[in-house]
Amino acid sequence: MDKETSKKVVVSGIRSTGNLHLGNYYGALSKFVRLQDDYDCRYFIADLHALTTNPDPASLHQSVKDILAEYIAAGLDPEKNIIYVQSDIPEISEMYLLMNMHVGIGELMRTASFKEKARKALGITSDSDEIEKEIIGNQTNQRVNAGLLTYPTLMAVDILIHKADFVPVGKDQEQHLELTRRFARRFNSFYKTDYFGEPVNFNFEGAALKVPGLDGSGKMGKSEGNCIYLIDDEKTLRKKVMRAVTDEGPQAPNSPVSQPVENLFSLMSLVSTPDTVKYFRDAYADCSIRYGDMKKQLAEYILKVTLPIRERILDIKGNDEYLSKVVKNGAERAREHASRTLKEVREIMGIRKI
Ligand code: TRP
């Protein structure tokens, strides 16, 4: 709870590793927007987290700008929320150093996302548990950078520096949130204080819908090259949807639905009406379905969501003055909260004026 606004505090961010896609939109951004009227929301662009995978400087900078424009275009109001760039808040970096003193490298190495990224960095394809040995013993030029290891510390600090109550994130971030609570408890018990609370995910009504990709498997994600971006133009978007992976079609009435086709149904249920979904489900069941028709419809519905956002993105993106005003103001407001927390944390830890 924030003392001044007496509203519960919400914090979340997205890494700046490229343009935002439909998965980001339904998984995060649309939720951010839903919370903005009732909570004290602080949303940021996680550019320091993006650095853990060593982007080239020009594309990192571009991505921060793009996402900022996309946040606003998707409906995040800079008046209602604190919108900022993570690296604009130096207090986060300092508190990250302090918090690391209470974080174990073992628990960081056991984090699922770390293991996955470390394997990728070392070019390991098996999912054996030998990853720790591989990391320590590796004498080649490939390395797993320390920033990747301490990713969860940085994320915990993003959240704790605001004393957040709620952190709307997807399922893949639950483990990081669990670590955040663990670090908070550990800090409290070490210093015999109840300084930090325990932030939780925000539970929205209804089942959390996964946003699948167009390549027939898994979820929509930047790295997989299977996604629809908010910024995609009409032609590109239609082409992508028409090319989505399917199968040879139902061979007998009421056949089970394959994963790639189920993905199209999932996408359809995100962007269209239950009637439309039922229409195509029925057509699948009685074998009259034509995937081409379904994809055409799907593309139309997706465009209804994304085109207005795209228009606004293009509009906002050209306005550098406006964008820098937004982040300047956001940084000022975020730093007010962050500097208070950092000051208190330093004091608790014994870093005091002589
Ligand atoms: N790790 C998050 C992701 O990849 C991004 C993130 C960084 C974040 N810091 C955060 C999300 C703090 C919520 C709160 O999606």
Side-chain angles (χ1 to χ4, degrees), residues 8-33 35-36 39-53 55 60 63-64 67-68 70-71 76 81-89 91-93 95-96 99-100 103 108 111-117 120 147-184 196-204 208 210-211 219-224 227 330 334 337-338 341:
K8 297 264 190 189
V9 175
V10 169
V11 170
S12 198
I14 297 178
R15 261 179 316 142
S16 45
T17 53
N19 290 100
L20 298 185
H21 51 70
L22 269 195
N24 299 126
Y25 181 72
Y26 284 105
L29 203 42
S30 67
K31 295 177 180 166
F32 296 179
V33 175
L35 296 171
Q36 68 182 352
Y39 295 88
D40 180 344
C41 299
R42 305 161 191 189
Y43 298 123
F44 64 97
I45 297 159
D47 59 342
L48 297 177
H49 275 111
L51 280 175
T52 59
T53 46
L60 177 66
S63 175
V64 171
I67 294 181
L68 177 62
E70 287 163 348
Y71 269 7
L76 276 193
N81 310 284
I82 302 181
I83 299 177
Y84 63 97
V85 181
Q86 184 186 32
S87 62
D88 279 341
I89 317 301
E91 289 81 2
I92 291 174
S93 297
M95 191 165 137
Y96 158 73
M99 189 56 90
N100 262 332
V103 171
L108 292 174
T111 309
S113 63
F114 172 72
K115 284 197 198 170
E116 192 190 312
K117 285 178 178 154
K120 221 180 198 170
L148 212 47
L149 181 66
T150 53
Y151 187 113
T153 315
L154 183 57
M155 179 157 161
V157 169
D158 287 329
I159 297 165
L160 296 175
I161 208 162
H162 286 289
K163 311 258 199 82
D165 297 287
F166 296 112
V167 187
V169 283
K171 253 206 139 22
D172 61 325
Q173 296 298 312
E174 274 291 351
Q175 195 178 19
H176 288 148
L177 205 48
E178 186 58 53
L179 283 171
T180 301
R181 288 189 288 268
R182 203 200 291 175
F183 301 158
F196 289 122
E198 294 194 24
V200 293
N201 204 338
F202 196 96
N203 281 323
F204 287 87
K210 255 213 192 139
V211 185
K219 61 171 197 172
M220 194 173 280
K222 295 165 198 176
S223 47
E224 285 97 63
C227 56
H337 300 290
T341 306

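We count ligands from 1, going down the list as the structure has it; atoms in each ligand are counted the same way. Quick caveat: nothing in here was measured; it's all calculated off a predicted structure.
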Original post:
Where does the angle between the aromatic ring planes of His49 and Tyr151 fall among parallel (under 30°), tilted (30 to 60°) and perpendicular (over 60°)?
Top reply: tilted
Original post:
Going by the angle between their ring planes, with limits at 30° and 60°, are Tyr71 and Phe32 parallel, tilted or perpendicular?
Top reply: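 Answer is perpendicular, since the angle exceeds 60°.
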Please could you name the atoms of ligand 1 that [X] approaches to less than 4.0 Å, counting only its heavy atoms?
{"X": "Tyr151", "result": "1 (N), 2 (C), 3 (C), 4 (O)"}
{"X": "Val167", "result": "13 (C), 14 (C)"}
{"X": "Val169", "result": "11 (C), 13 (C)"}
{"X": "Arg15", "result": "4 (O)"}

**OP:** Quick one: look at Leu154 and ligand 1, take heavy-atom pairs under 4.0 Å, and tell me if it's side chain, backbone, both or neither.
**Re:**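 None of Leu154 does.
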**OP:** Quick one: look at Asp172 and ligand 1, take heavy-atom pairs under 4.0 Å, and tell me if it's side chain, backbone, both or neither.
**Re:** neither
Considering only the protein, which heavy-atom contact is closest to [atom], and what is its distance?
{"atom": "atom 9 (N) of ligand 1", "result": "Asp158 OD2, 2.7 Å"}
{"atom": "atom 2 (C) of ligand 1", "result": "Gln173 OE1, 3.3 Å"}
{"atom": "atom 12 (C) of ligand 1", "result": "Phe44 CZ, 3.6 Å"}
{"atom": "atom 5 (C) of ligand 1", "result": "Gly13 O, 3.6 Å"}

Original post:
Would you say the ring centroid of His162 lies under 6.0 angstrom from that of Tyr84?
Top reply: yes
